[in-house]
Amino acid sequence: MKLLYFAWLRQKIGTAEETLDPPGSIATVAQLIDWLKTRGPNYVEALTNTKLVRVAVNREYVPYDHRLKPGDEVGLFPPVTGG
Amino acid sequence: MKLLYFAWLRQKIGTAEETLDPPGSIATVAQLIDWLKTRGPNYVEALTNTKLVRVAVNREYVPYDHRLKPGDEVGLFPPVTGG
Amino acid sequence: MIRVQREDFDPGQEIAALTRGRTDIGGVTSFIGLVRDMAGGDKIMSMTLEHYPGMTEQQLKAIEAEAKQRWPLDAVLIVHRYGELKPGDRIVLVVTASSHRDAAFDACRFLIDWLKTKAPFWKLEETSAGPRWVEAKDSDDQAAERWTKS
Amino acid sequence: MIRVQREDFDPGQEIAALTRGRTDIGGVTSFIGLVRDMAGGDKIMSMTLEHYPGMTEQQLKAIEAEAKQRWPLDAVLIVHRYGELKPGDRIVLVVTASSHRDAAFDACRFLIDWLKTKAPFWKLEETSAGPRWVEAKDSDDQAAERWTKS
């Protein structure tokens with residue numbers, strides 16, 4: 001599974017992109033985020049306030065109960081500020 | 001008194017501009033228009049439907065009961081269609 | 001700023017001139033009105049805009065002042081042409097600049113709505129069915145009317 | 001049409017290209033967003049726009065399609081920049097063309113409101129008080145929200 005981080009999430013986690021293989025028990029976006037937080041304090045700092053974490057799967061916005069599939073591209077980022 | 005006519009009012013009356021000296025009894029815009037209609041069938045044709053005749057005195061829109069002063073510039077024209 | 005002119009204008013240059021050297025403007029809204037090739041089912045060959053010199057400038061300045069009083073605007077530009085135009089030609093440009101995009105949008109729309117019902121211009125169309133004066137639209141009056149409610 | 005690019009754009013050329021050779025377009029509304037020199041009382045030295053390549057284009061295309069479905073539009077253009085910008089620089093251009101000016105205005109405003117809440121861009125400001133990520137505004141959410149009511 002390919003993970004992409006943007007803006008201050010990227011800065012806090014310390015990488016823009018990584019390929020991870022979450023355990024089979026991780027079915028939803030919410031579970032993925034909880035699992036990521038077990039990977040270190042940098043993930044905890046970036047992902048604790050989920051009100052500020054938006055999720056896109058394969059470049060479309062998804063809710064936290066969205067079910068993940070193998071090979072998904074998952075983007076995690078703060079609320080957008082373009083325009 | 002300087003009178004200016006525009007668009008189809010100008011075409012129907014047959015002139016763009018004229019200087020006239022209405023009798024002293026002509027006090028308002030409405031009276032001026034009635035008096036103009038005595039000047040010929042071209043004026044009658046141009047001014048009969050007053051729903052289609054807008055009036056400006058000294059380049060500001062005025063209602064028909066506006067009181068005229070000597071030396072006023074009076075513009076008569078159809079509803080505007082700019083923009 | 002307002003201008004009434006026979007010549008064409010370059011919207012990009014006009015907008016650039018309005019914001020040049022300014023770093024406090026967040027948003028610029030503009031509207032460009034163009035001559036259409038069809039009206040009421042008839043082909044338009046050309047359109048001649050007549051106006052009331054002197055009154056036009058006075059009315060446009062009043063409309064500009066009204067917009068500046070209603071909204072926090074950093075800059076306003078109205079350019080309106082007269083004379084003979086062809087389909088596709090530019091007729092009018094309205095530009096509003098503000099640090100608030102809602103203000104820029106509202107003011108731009110207000111200006112075009114108001115100038116359509118207040119600026120003394122008249123359009124004579126040369127159509128496939130002969131020449132004719134464009135009639136004022138009720139929808140334009142209604143569009144202008146909405147700004148008097150608040 | 002949508003474009004995401006590092007380079008600046010020329011609003012006049014973009015608008016002209018969109019309407020060139022067209023004689024059926026009555027009105028063109030455009031919005032240009034610019035980098036401001038102040039934010040929250042602090043001076044802005046520069047602003048860097050980060051985006052999510054691929055997703056940005058996909059979201060902008062979806063927003064464009066939504067606008068075309070809602071309003072009778074003859075043409076739509078969205079150009080959004082990324083990378084490092086200075087105060088006064090152009091960030092975004094939205095252009096809508098229609099034979100109905102209300103449609104052109106509404107669609108343009110819809111597009112800028114929606115892209116502010118949906119297009120994956122993030123602004124990092126270099127300010128006199130240090131660098132900081134721009135926070136999403138409730139007012140932008142509310143602006144986008146008004147389009148979901150009808």
Side-chain angles (χ1 to χ4, degrees), chain A residues 1-20 28-30 32-33 36-37 41-83, chain D residues 2 4-5 31-36 39 47-63 78-83 85 90-94 108-125 131-141 143-144:
Chain A
M1 180 174 289
K2 188 173 166 188
L3 285 126
L4 303 173
Y5 311 115
F6 296 91
W8 55 255
L9 254 92
R10 169 179 56 72
Q11 289 182 323
K12 286 185 175 173
I13 289 172
T15 186
E17 183 176 334
E18 59 188 339
T19 301
L20 296 175
T28 67
V29 164
L32 175 68
I33 288 174
L36 284 170
K37 284 192 282 186
N42 51 334
Y43 289 91
V44 174
E45 200 200 335
L47 300 170
T48 291
N49 186 354
T50 50
K51 279 176 69 176
L52 296 180
V53 180
R54 301 283 181 274
V55 185
V57 171
N58 302 326
R59 304 175 177 182
E60 293 287 348
Y61 289 100
V62 296
Y64 274 48
D65 61 2
H66 178 85
R67 295 190 77 83
L68 296 162
K69 296 188 309 294
D72 276 346
E73 176 181 300
V74 180
L76 300 175
F77 45 80
V80 302
T81 56
Chain D
I2 66 113
V4 181
Q5 63 188 42
F31 179 83
I32 304 164
L34 304 164
V35 180
R36 290 171 64 189
M47 172 183 278
T48 301
L49 271 141
E50 180 173 335
H51 77 123
Y52 183 165
M55 181 173 173
T56 309
E57 290 81 354
Q58 193 165 310
Q59 290 298 313
L60 292 181
K61 275 179 198 162
I63 294 168
I78 304 172
V79 184
H80 205 302
R81 296 178 68 189
Y82 61 89
L85 304 175
R90 287 177 275 262
I91 304 171
V92 62
L93 171 69
V94 177
C108 189
R109 201 160 177 171
F110 165 85
L111 287 164
I112 186 72
D113 284 349
W114 267 37
L115 78 80
K116 275 186 180 274
T117 57
K118 297 198 176 236
F121 288 95
W122 302 273
K123 288 175 180 150
L124 178 65
E125 291 172 344
R132 65 181 174 214
W133 291 96
V134 173
E135 281 181 41
K137 285 189 213 149
D138 285 344
S139 60
D140 284 334
D141 286 335

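Given the structure is predicted, the values throughout are model-derived calculations rather than measurements. Each chain gets a letter, A, B and so on, in the order its sequence line appears, and its residues count up from 1.
- Note: D:W133 leads D:F121, D:W133, D:F31 in heavy-atom pairs under 4.5 Å with chain A.
- Ranked by heavy-atom pairs under 4.5 Å with chain A, the first of D:G33, D:A62, D:A119 is D:A119.
- For the pair A:E60/D:M55, no side-chain contact is recorded, criterion being any heavy-atom separation below 4.5 Å from C-beta on.
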> Could you walk me through whether D:H51 and A:F77 pass the side chain to side chain contact (heavy atoms under 4.5 Å, CB included) check?
Replying inline: CA-CA 10 Å; D:H51 77 123; A:F77 45 80; over 6 Å; no
>> Test side chain to side chain contact (heavy atoms under 4.5 Å, CB included) on D:W122 and A:V80; report intermediate values, then the result.
In response: CA-CA 6 Å; D:W122 302 273; A:V80 302; 3.9 Å; yes
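- Going from atom CD of D:E125 over to atom OG1 of A:T81 covers 8.5 Å, rounded to the nearest 0.5 Å.
- With a 4.5 Å cut-off on non-hydrogen atoms, D:E135 touches chain A through its backbone but not through its side chain.
- More than 12 heavy atoms of other residues, nucleotides or ligands sit less than 6.0 Å from atom CD of D:Q5.
- For the atom pair A:F6 CZ and D:Y52 OH, the distance stands at 5.5 Å (nearest 0.5 Å).
- A:R10 touches chain D through its side chain: at least one heavy atom from C-beta onward sits under 4.5 Å away, while N, CA, C and O do not.
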